[in-house]
Amino acid sequence: MSHDHAIDLSVTWLGQTMPGCLYNASGVWCREEDELEVLLASDAAAVISKSATLAPRDGNPEPRYCRTAMGSINSMGLPNRGFDYYLDYARRYRYGSGKPLFLSLSGLSLDDNCAMLRRLAEEGLPAVPEINLSCPNVPGKPQLGYDFAATAEALGAFDAAYSGLYGVKLPPYFDPAHFAAMAEILNRHPRLAFVTCINSIGNGLVVDIDSEAVVIKPKDGLGGLGGDYVLPTALANVREFYRLLPGKDVVGCGGVKSGREAFMHILAGARAVQVGTCLYHEGPGAFARIAGELAALMRVKGYRRLDDFRGRLRTL
Ligand code: RRO
């Protein structure tokens with residue numbers, strides 16, 4: 001995958017080796033089958049679909065995404081084609097490409113999440129669920145990952161509904177007590193193989209001085225932040241869960257726009273790295289560019305593979 005000779009960006013996890021370490025963050029370039037196919041044909045090392053609900057959804061009123069100087073704010077509201085659409089895509093996916101397919105699931109209730117997991121289990125497909133515990137944008141639905149008791153109950157139900165390996169997409173946490181409490185819950189579930197850190201920082205507010213107005217329509221302008229705003233928070237979450245979840249993988253997501261941020265995420269402990277805001281703005285060509293930059297940085301530092309530096313962040 002890397003064009004830098006003798007630099008190996010491949011990642012072995014979930015019982016397979018994928019050709020690189022970068023793929024899309026769920027929600028970006030992955031709602032429609034033609035978008036998923038363009039991702040598969042790009043230098044992305046895996047593909048994840050838009051968070052699915054049982055029934056299709058149009059999402060929140062527009063404008064619901066805004067690019068800013070420092071990243072993005074969104075309140076999409078879970079627009080998606082519905083679980084059956086992504087399940088049907090998973091039936092036809094080219095697993096032989098060596099690029100894993102992840103299905104993001106974001107049911108509006110625990111029963112809905114379990115129903116989707118049972119359907120996936122019945123089909124026996126190699127697609128791996130990433131269950132979204134952190135959508136910040138459905139009015140009246142708090143982020144599950146901020147309710148520890150509800151998360152504990154949900155994981156127990158996921159274990160009963162699904163017999164394979166799965167992962168969860170977590171919201172950002174901001175306090176060591178919360179990292180510890182969530183890790184203790186996650187560690188009770190051996191088939192929870194990975195956590196993806198982080199979803200957008202929920203319910204930020206971007207203000208436009210010229211118009212003296214908010215920049216997105218839903219929720220009076222509140223929305224999830226991505227891009228430069230979130231990089232340090234994402235790295236803190238990757239680092240802390242890497243330390244607190246031995247035997248599980250952490251997927252880094254947040255603020256990756258060049259090889260430098262990808263390197264930071266891996267140094268903090270990330271097994272693989274997702275790209276959201278940058279992919280939205282640049283398109284799937286971002287994967288080849290970022291992979292090339294990461295490989296060049298590794299060459300300068302004398303690293304040949306990701307295992308040479310993963311998790312080896314130094315403290316002072
Ligand atoms: O669709 C969205 O509004 C959305 C979701 Br489900 C999510 O998990 N994270 C986000 O920033 N937006």
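Quick note: residue numbers are just sequence positions, from 1.
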Between Asn80 and Thr53, do the side chains contain an N or O donor and an N or O acceptor separated by less than 3.5 Å?
yes
Taking Asp43 first and then Arg289, would you say they form a salt bridge - that is, a charged N and a carboxylate O separated by under 4.0 Å?
no
Any Lys/Arg nitrogen of Glu293 or Arg260 sitting under 4.0 Å from an Asp/Glu carboxylate oxygen of the other?
no
Quick one about Ser109 and Asp111 (side-chain donor to acceptor, distance below 3.5 Å, no hydrogens or angles considered), yes or no?
no
Compare all side-chain heavy atoms of Leu186 with those of Val168 and state whether any distance is below 4.5 angstrom.
yes
Over all heavy atoms of both residues, which pair between Pro136 and Asn199 is shortest? Give the atoms and the distance, please.
CD-OD1, 4.4 Å
Do the charged groups of Glu33 and Arg81 touch, with an N to O distance under 4.0 Å?
no
Test of understanding: with side-chain hydrogen bond (donor to acceptor under 3.5 Å, both in side chains), list the residues that count as partners of Lys248, not counting sequence neighbours.
none
Sub-4.5 Å side-chain heavy-atom contact between Arg271 and Arg310:
yes
Could you tell me how the ring of Tyr65 sits relative to the ring of Tyr280: parallel (under 30°), tilted (30 to 60°) or perpendicular (over 60°)?
parallel
List in chain and number order the residues that pass side-chain hydrogen bond (donor to acceptor under 3.5 Å, both in side chains) with Asn187, two or more places apart in sequence or in another chain; answer none if no residue qualifies.
none
Looking at Arg239 and Ala268, would you say the former's side chain and the latter's main chain have a donor-acceptor pair under 3.5 Å?
yes
Taking 4.0 angstrom as the limit, do Lys50 and Glu32 come out as a salt bridge?
no
Parallel, tilted or perpendicular, judged at 30° and 60°: which one describes the rings of Phe309 and Phe263?
parallel
side-chain contact (heavy atoms from CB on, under 4.5 Å) assessment of Leu225 paired with Asn74:
CA-CA 7 Å; Leu225 304 177; Asn74 88 84; over 6 Å; no
Can you say whether the rings of Tyr173 and His178 are parallel (under 30°), tilted (30 to 60°) or perpendicular (over 60°)?
perpendicular
salt_bridge(Lys301, Asp308) N-O dist < 4.0 Å:
no
Pair Phe102-Tyr23, ring pair (Phe, Tyr, Trp, His ring centres under 6.0 Å): steps then yes or no
CA-CA 10 Å; Phe102 297 89; Tyr23 60 110; 5.3 Å; yes
